Novice: 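Have a look at this one.
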Amino acid sequence: MRYHQSGNIPQKRHTIFKSPEDKFYYEQLFGTEGFHGISSLLYHVHRPTQIKSIGEPKDVTPKIAVDKNVTPRMFKGMNVTPEDDFMDSRKFLLVNNDLKMGLAKPRKSMDYFYKNAECDELLYVHNGSGILKTFVGNLEFSFGDYLIIPRGTIYQVELNSDDTVFFVVESHSPIYTPKRYRNEFGQLLEHSPFCERDIIAPTFVEPKDEKGEFLIKVKKENQITDFIYATHPFDVVGWDGYFYPYKFNIKNFEPITGRIHQPPPVHQTFEAHNFVVCSFCARMYDYHPMAIPAPYNHSNIDSDEVLFYTEGDFMSRNHIDLMDFTLHPGGIVHGPHPGAMERSIGKKFTEEYAVMVDPFRPLKITEEAMKVEDPSYKTSWLESEDHNHSLEDRSQE
């Protein structure tokens, strides 16, 4: 993350800062890991601590259906049920102690504020558009945007339509750009598949100087608690630092290609503790004269692999629909579906887009996931008689 400044701030931190009307502004340190992690300093019109009441917590712990899984699975995201409310629409399908992931299909904009007090959030926009409104400014979003929202950010989502779909990841550790693409100063290196120009910070919005009753739903330890504050949370007159939400569009990822098939780490976009996020994007295929563009069969001995299909025709899979999730558990070999390897030979380009999450600890499968599972997926690598005949025909050509 790079330094960013927005709005009005004093020349020196932790000093008196007043409005033109000679009223005090109130400083807030917004950061992680005590006073060691990255942070920003925010300046509020009103004290940001004015709690009027706190409601009873609501438990939202995902219900686990399969605690220990070794079965390849497919989940039909198209069949996940939309909900009017933004938080109710979050249906987590796969979880472990490091992350939760699933889909959200909210029909309505938020009429309250929300803060995840424990997890960084990644919202990938599969469909729809709108505005992510935060206490440090706004981010307009549309298809293909990754919205990275650090823990503690107070935000609202305003939707332009009722058919918005987010792929959601909640991470118990910070979500960063890959360390191997940054130098010791944090700058993205020349061989990185994206650069700072591709990372969009929030647009400053004039502060809301309002008093009343403002509902902020706070999530922590799988509970959502209603806090009523006496002042509008978007009353920030200025801020600076390294800790803020941002967006990055998947189509600004510049794929790394080679003469022969490149492994998934070349697609890495983000990392956190015990998992990585990769972007499979439109790209040129391998250009060795004998190259096989389809991925080779492989065993993820130490990690599960989850793919979310968002645009195009994914060349290594048969019968995949957009919004599908596939889960390939660690220790179980997987690879292209029958015919996919053969179809890929000689192809020059792909228009596919998918988001991959590789957790390094096994995933548990929720009851929500089992509602939308395609049970036929686990045997989908079996070769049919028609496939065997087609291979024989090709060998005789």
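Bear in mind that the values here come from a model prediction, so they are computed numbers and not experimental data.
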Novice: Regarding Thr269 and Ser279, do their side chains bring together a donor and an acceptor under 3.5 Å, going by distance alone?
Specialist: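 Yes.
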
Novice: Looking at every heavy atom in both Phe275 and Val277, which two are closest together, and how far apart are they?
Specialist: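 Looks like CE1-CG2, 3.9 Å.
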
Novice: Could you tell me if the side chain of Glu271 sits less than 4.5 Å from the side chain of Asp358, heavy atoms only?
Specialist: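 No; the side chains remain at least 4.5 Å from each other.
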
Novice: Would you say the ring centers of His46 and Tyr26 fall short of 6.0 Å from each other?
Specialist: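 No, they do not, as the ring centres are separated by 6.0 Å or more.
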
Novice: Could you go through the salt bridge (charged side-chain N to carboxylate O under 4.0 Å, His left out) check for Asp235 and Lys208 one step at a time?
Specialist: CA-CA 5 Å; Asp235 70 340; Lys208 305 285 189 183; over 6 Å; no

Novice: Over 60° means perpendicular and under 30° means parallel, so tell me whether Phe214 and Phe113 are parallel, tilted or perpendicular.
Specialist: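 Ring orientation of Phe214 relative to Phe113: tilted.
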
Novice: Side chains of Glu311 and His126: any donor to acceptor distance under 3.5 Å?
Specialist: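 No, no side-chain donor-acceptor contact under 3.5 Å.
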
Novice: Would Met110 end up clustered with Ile131 when hydrophobic side chains under 4.5 Å apart are linked, directly or stepwise?
Specialist: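 No, because Met110 and Ile131 fall into different hydrophobic clusters, even though each may have its own neighbours under 4.5 Å.
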
Novice: Over all heavy atoms of both residues, which pair between Ser380 and Pro338 is shortest? Give the atoms and the distance, please.
Specialist: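 Looking at all heavy atoms of both residues, the closest pair is O-CD, 3.7 Å.
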
Novice: To the nearest 0.5 Å, how far apart are CG in Asp145 and CG in Asn249?
Specialist: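 The CG atom of Asn249 is 4.5 Å from CG of Asp145, to the nearest 0.5 Å.
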
Novice: I'd like to know if Lys247 pairs up with Glu140 as an ion pair, taking the criterion as any Lys NZ or Arg NE/NH1/NH2 lying under 4.0 Å from an Asp or Glu carboxylate oxygen.
Specialist: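 Looking at Lys247 and Glu140, the cut-off is not met.
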
Novice: Decide, yes or no, whether a salt bridge links Lys76 with Asp374 under the criterion of side-chain N to carboxylate O below 4.0 Å.
Specialist: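 Looking at Asp374 together with Lys76, the answer is no, because their closest N to O distance does not fall below 4.0 Å.
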
Novice: Less than 6.0 angstrom from the centroid, inside 45 degrees of the normal: does Lys347 satisfy that with respect to the ring of Tyr285?
Specialist: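 Relative to the ring axis of Tyr285, which defines the angle, Lys347 lies outside at least one limit.
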
Novice: Is there a donor-acceptor contact under 3.5 Å linking the side chains of Gln187 and Arg2?
Specialist: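 Judged by distance alone, the side chains do not pair up.
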
Novice: For this output row, return yes or no: ring centroids of Tyr244 and His4 closer than 6.0 angstrom.
Specialist: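 Judged by ring-centre distance (under 6.0 Å), Tyr244 and His4 do meet the cut-off.
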
Novice: Using 30° and 60° as the class limits, which term best fits the ring planes of Tyr155 and Phe86: parallel, tilted or perpendicular?
Specialist: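 Rings of Tyr155 and Phe86: perpendicular, over 60°.
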
Novice: Return the CD1 to CZ distance between Ile224 and Arg90, rounded to the nearest 0.5 Å.
Specialist: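 Answer rounded to 0.5 Å: 8.0 Å.
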
Novice: Between Lys108 and Asp85, does any side-chain N to carboxylate O distance fall below 4.0 Å?
Specialist: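 No, no charged N to carboxylate O under 4.0 Å.
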
Novice: Nearest 0.5 Å, please: how far is CD1 in Ile301 from CD1 in Ile332?
Specialist: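 The CD1 atom of Ile332 sits 8.0 Å away from the CD1 atom of Ile301.
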
Novice: Scan side-chain atoms only and decide if Tyr181 and Glu190 contain a donor-acceptor pair under the 3.5 Å cut-off.
Specialist: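 Judged by distance alone, the side chains do not pair up.
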
Novice: Rounded at 0.5 Å granularity, tell me how far CG in Asp198 sits from CD in Glu254.
Specialist: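 Result: 7.0 Å between the selected atoms.
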
Novice: Centroid separation under 6.0 Å, is that true for the rings of His337 and Tyr377?
Specialist: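 Yes.
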
Novice: Taking it one step at a time, do Val136 and Leu42 satisfy side-chain contact (heavy atoms from CB on, under 4.5 Å)?
Specialist: CA-CA 8 Å; Val136 294; Leu42 284 55; 4.0 Å; yes

Novice: Check whether Tyr353 forms a cation-pi arrangement with Lys251 (NZ or CZ under 6.0 Å from the six-membered ring centre, at most 45° off the ring normal).
Specialist: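 Lys251 over Tyr353 ring: yes.
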
Novice: Could you check whether any side-chain heavy atom of Thr225 comes within less than 4.5 Å of a side-chain heavy atom of Ile54, counting everything from C-beta outward?
Specialist: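 A side-chain contact exists here, since the closest heavy-atom pair is under 4.5 Å.
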
Novice: Counting the benzene-type ring for Trp, do Tyr43 and Phe24 have ring centres under 6.0 Å apart?
Specialist: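 Distance test on ring centres: not under 6.0 Å, no.
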
Novice: Transitively linked via ILVMFWY side-chain contacts under 4.5 Å: Phe253 with Leu123?
Specialist: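 Cluster IDs for Phe253 and Leu123 differ.
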
Novice: Is the gap between the ring centers of His172 and His273 under 6.0 Å?
Specialist: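 His172 vs His273: aromatic centres not under 6.0 Å.
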
Novice: Given side chains that start at C-beta, do those of Asp321 and Met323 come closer than 4.5 Å, heavy atoms only?
Specialist: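 SC-SC contact between Asp321 and Met323 ruled out.
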
Novice: Before accepting this row, confirm whether a basic side-chain N of the pair Glu83/Lys105 lies closer than 4.0 Å to the acidic partner's carboxylate O.
Specialist: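 The answer is no: the pair does not qualify as a salt bridge.
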
Novice: Any side-chain heavy atom of Ile148 within less than 4.5 Å of one from Phe270?
Specialist: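 In contact.
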
Novice: Looking only at non-hydrogen atoms, find the nearest pair between Asp286 and Ala291 and report the distance.
Specialist: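 Residues Asp286 and Ala291, closest heavy atoms: CB-CB, 3.7 Å.
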
Novice: Where do Pro245 and Pro202 come nearest, in terms of heavy atoms and distance?
Specialist: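 Closest pair (atom of Pro245, atom of Pro202, distance): O-CD, 3.1 Å.
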
Novice: Evaluate Glu305 against Asn300 for side chain to side chain donor-acceptor pair (under 3.5 Å), listing each step before the verdict.
Specialist: CA-CA 8 Å; Glu305 178 182 295; Asn300 294 340; 3.2 Å; yes

Novice: Give me the ring orientation class for His267 and Phe280: parallel if the planes are under 30° apart, tilted from 30 to 60°, perpendicular past 60°.
Specialist: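 Ring orientation of His267 relative to Phe280: tilted.
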
Novice: Does any part of the side chain of Ile365, heavy atoms only, come nearer than 4.5 Å to the side chain of Phe75, both counted from C-beta?
Specialist: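 Yes, their side chains come closer than 4.5 Å.
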
Novice: Could you grab the distance from atom CD1 of Ile200 to atom CG of Leu139, nearest 0.5 Å is fine?
Specialist: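 Answer for the CD1-CG pair, Ile200 versus Leu139, is 8.5 Å.
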
Novice: Is it true that Phe325 and Tyr309 have ring centroids separated by less than 6.0 Å?
Specialist: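 No, they do not, as the ring centres are separated by 6.0 Å or more.
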
Novice: Between Tyr112 and Lys217, is there a cation-pi geometry (under 6.0 Å to ring centre, at most 45° from the normal)?
Specialist: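 Cation-pi check for Lys217 and Tyr112: passes.
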
Novice: Under 3.5 Å, is there a donor on one side chain and an acceptor on the other for Asn160 and Ser129?
Specialist: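 Yes, a side-chain donor-acceptor pair sits under 3.5 Å.
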
Novice: Does the side chain of Asn252 come within less than 4.5 Å of Phe194's, by heavy atoms?
Specialist: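 Contact flag for Phe194/Asn252 side chains = no.
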
Novice: Under 6.0 Å between ring centres, would you say that holds for Phe243 and Trp239?
Specialist: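 No, the ring centres sit 6.0 Å or more apart.
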
Novice: Taking the side chain as every heavy atom from C-beta outward, state whether Met74 and Ser376 have any pair of such atoms under 4.5 Å apart.
Specialist: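 Met74 does not reach Ser376 side chain to side chain.
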
Novice: Pair Glu368, Lys63 - check salt bridge (charged side-chain N to carboxylate O under 4.0 Å, His left out), show working.
Specialist: CA-CA 8 Å; Glu368 289 290 346; Lys63 293 181 172 59; over 6 Å; no

Novice: Assigning hydrophobic clusters by single linkage (Ile, Leu, Val, Met, Phe, Trp, Tyr; side-chain heavy-atom cutoff under 4.5 Å), is Ile199 placed with Phe204?
Specialist: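 In one cluster: no.
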
Novice: Side-chain contact test, heavy atoms from C-beta onward, threshold under 4.5 Å: evaluate it for Phe308 versus Val306 and give yes or no.
Specialist: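 With C-beta onward as the side chain, the pair stays apart.
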
Novice: Would you say the side chains of Thr326 and Arg73 form a donor-acceptor pair under 3.5 Å?
Specialist: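 Side-chain D/A pair, Thr326 to Arg73: absent.
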
Novice: Do Tyr146 and Tyr124 make the cut of ring centroids closer than 6.0 angstrom?
Specialist: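 They qualify: ring centres under 6.0 Å apart.
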
Novice: So if I apply the salt bridge (charged side-chain N to carboxylate O under 4.0 Å, His left out) rule between Arg107 and each of Asp88, Asp84, Asp162, which one comes out positive?
Specialist: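 So, applying the salt bridge (charged side-chain N to carboxylate O under 4.0 Å, His left out) to Arg107 and each of Asp88, Asp84, Asp162, only Asp84 qualifies.
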
Novice: Please assess Val95 against Met101 for the test side-chain contact (heavy atoms from CB on, under 4.5 Å), listing each intermediate value before the final yes or no.
Specialist: CA-CA 6 Å; Val95 304; Met101 71 179 96; over 6 Å; no

Novice: Taking the six-membered ring for Trp, are the ring centroids of His261 and Tyr296 within less than 6.0 Å of each other?
Specialist: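 Yes.
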
Novice: Give the intermediate values and the outcome of side-chain contact (heavy atoms from CB on, under 4.5 Å) for residues Thr177 and Leu188.
Specialist: CA-CA 9 Å; Thr177 54; Leu188 289 165; 4.2 Å; yes

Novice: Scan side-chain atoms only and decide if Asn116 and Glu121 contain a donor-acceptor pair under the 3.5 Å cut-off.
Specialist: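 Per modelled atom types, Asn116 and Glu121 side chains form a pair under 3.5 Å.
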
Novice: Does the pair Lys219/Glu118 count as a salt bridge with the N-to-O cut at 4.0 Å?
Specialist: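 No.
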
Novice: Run Ser344 and Ile292 through side-chain contact (heavy atoms from CB on, under 4.5 Å) and show every step you take.
Specialist: CA-CA 7 Å; Ser344 76; Ile292 299 175; 4.0 Å; yes

Novice: Parallel, tilted or perpendicular for Phe227 and Tyr229, by the 30°/60° rule?
Specialist: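 Answer is parallel, since the angle falls under 30°.
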
Novice: Would you call Glu27 and Arg13 a salt bridge, using N to O less than 4.0 angstrom?
Specialist: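 No, this pair does not count.
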
